[in-house]
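No experiment lies behind these values; they were computed from the predicted model shown. Here is how names work: the chains are called A, B, and so on, in the same order as the sequence lines, proteins then strands, and each is numbered from 1.
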Amino acid sequence: MRITKKIKEQMIQILETTYIDVKPALVFGNPFELLIAVILSAQCTDVRVNITTKRLFAKANTPASILEMGLSALEDEIRDCGLYHNKAKNILGTCQKLCEDYGGVVPESFDELLKLPGVGRKTANVVTSIAFQRPAIAVDTHVFRVANRLKLGVGETPFAVEQALMKIIPKEKWSAAHHWLIWHGRKLCKSRAPLCGQCPLHEICPSSTIA
DNA sequence: CTCCCGATAT
DNA sequence: ATATCAGGAG
């Protein structure tokens with residue numbers, strides 16, 4: 001079955017009305033905390049990140065104070081999130097760059113964000129969208145999977161999916177769409193056992209496992 | 001493409 | 001027991 005532009009627009013409308021009012025799952029108090037939380041969130045559940053950041057931010061929640069912790073103390077603090085050696089190194093590198101080049105403040109420029117160690121396209125887009133409230137579609141594992149299953153935005157790489165989604169979704173809805181797709185992926189369009197029977201999109205979804 | 005990696009869901 | 005989790009770097 002071919003997915004027309006009209007069907008894609010139907011999908012967008014259903015997602016928009018179904019996931020009205022969804023908000024970020026990560027807990028943060030400012031752009032810097034969000035940046036650190038997103039770096040920690042790679043291959044880790046948001047629940048675990050929130051437990052870890054609550055404890056970490058109580059001890060240190062500025063670039064300078066996290067730098068003071070040092071590598072091994074930071075590793076101990078974030079170990080539960082997994083990939084902790086890389087993440088600790090990247091967080092320290094990011095904190096150092098923030099202090100040296102940006103006066104301890106998270107830059108709003110997407111290109112500057114990308115220069116921070118441990119910050120790739122997905123993380124930079126999350127910070128751009130959520131912390132600075134500018135239109136962006138961060139393609140994480142959920143968005144990538146859901147967009148491809150729906151054929152709402154097809155692509156072999158996250159960047160390709162991001163571009164495909166930006167074409168079909170009006171710019172003013174980009175940031176919201178990122179949240180619709182994430183929550184849809186978490187609640188219904190799960191990686192292992194998608195709950196197609198409960199899905200409001202199953203009738204127009206090309207990947208639906210039910211009639 | 002591979003490696004990083006502990007916690008959690010199934 | 002193993003697939004997956006708000007990915008990024010080499």
Completion exercise
Rounded to whole Å, NE2 of His178(A) lies from P of dG7(C) at a distance of 10 Å
Fill in the blank from the handout: With sequence neighbours left out, the residues meeting salt bridge (Lys or Arg N to Asp or Glu O under 4.0 Å) with Glu33(A) are none
Problem - Within residues 13-29 of chain A: residues closer than 4.0 Å to DNA chain C (heavy atoms) - result: Pro24(A), Ala25(A), Leu26(A)
Fill in the blank from the handout: 5' to 3', nucleotides 3-10 of chain B under a 4.0 Å protein heavy-atom cut-off (B base, S sugar-phosphate only, - none) gives -BBBSSBB
Handout entry: Interatomic spacing from CG in Leu74(A) to CG in Leu56(A) - rounded to 0.5 Å
Key = 6.5 Å
Exercise for the section: Check whether any side-chain heavy atom of Glu203(A) lies under 4.5 Å from a side-chain heavy atom of Ser208(A), and answer yes or no. Expected result: no
Handout entry: Separation between OG of Ser175(A) and CD of Gln133(A), rounded to the nearest 0.5 Å
Key = 8.5 Å
Exercise for the section: Nearest whole angstrom, please: distance from the P of dG8(C) to the CZ of Phe159(A). Expected result: 13 Å
Practice task
For nucleotides dG8(C) and dA7(B), find the distance between their P atoms and express it as a whole number of Å.
Solution key: 22 Å
Exercise for the section: Taking only heavy atoms on the protein side, list every residue of residues 126-133 of chain A lying under 4.0 Å from any atom of DNA chain C, sorted numerically. Expected result: none
Handout entry: Tyr19(A) side chain to His179(A) side chain, donor-acceptor N/O pair below 3.5 angstrom
Key = no
Exercise for the section: Could you tell me whether Glu100(A) and Lys97(A) have a side-chain N and a carboxylate O separated by less than 4.0 Å? Expected result: no
Completion exercise
Quick note, ring pair (Phe, Tyr, Trp, His ring centres under 6.0 Å) partners involving residues 84-133 of chain A, not counting sequence neighbours, are none
Fill in the blank from the handout: What residues 160-177 of chain A contributes to the DNA chain C interface at heavy-atom separation below 4.0 Å is none
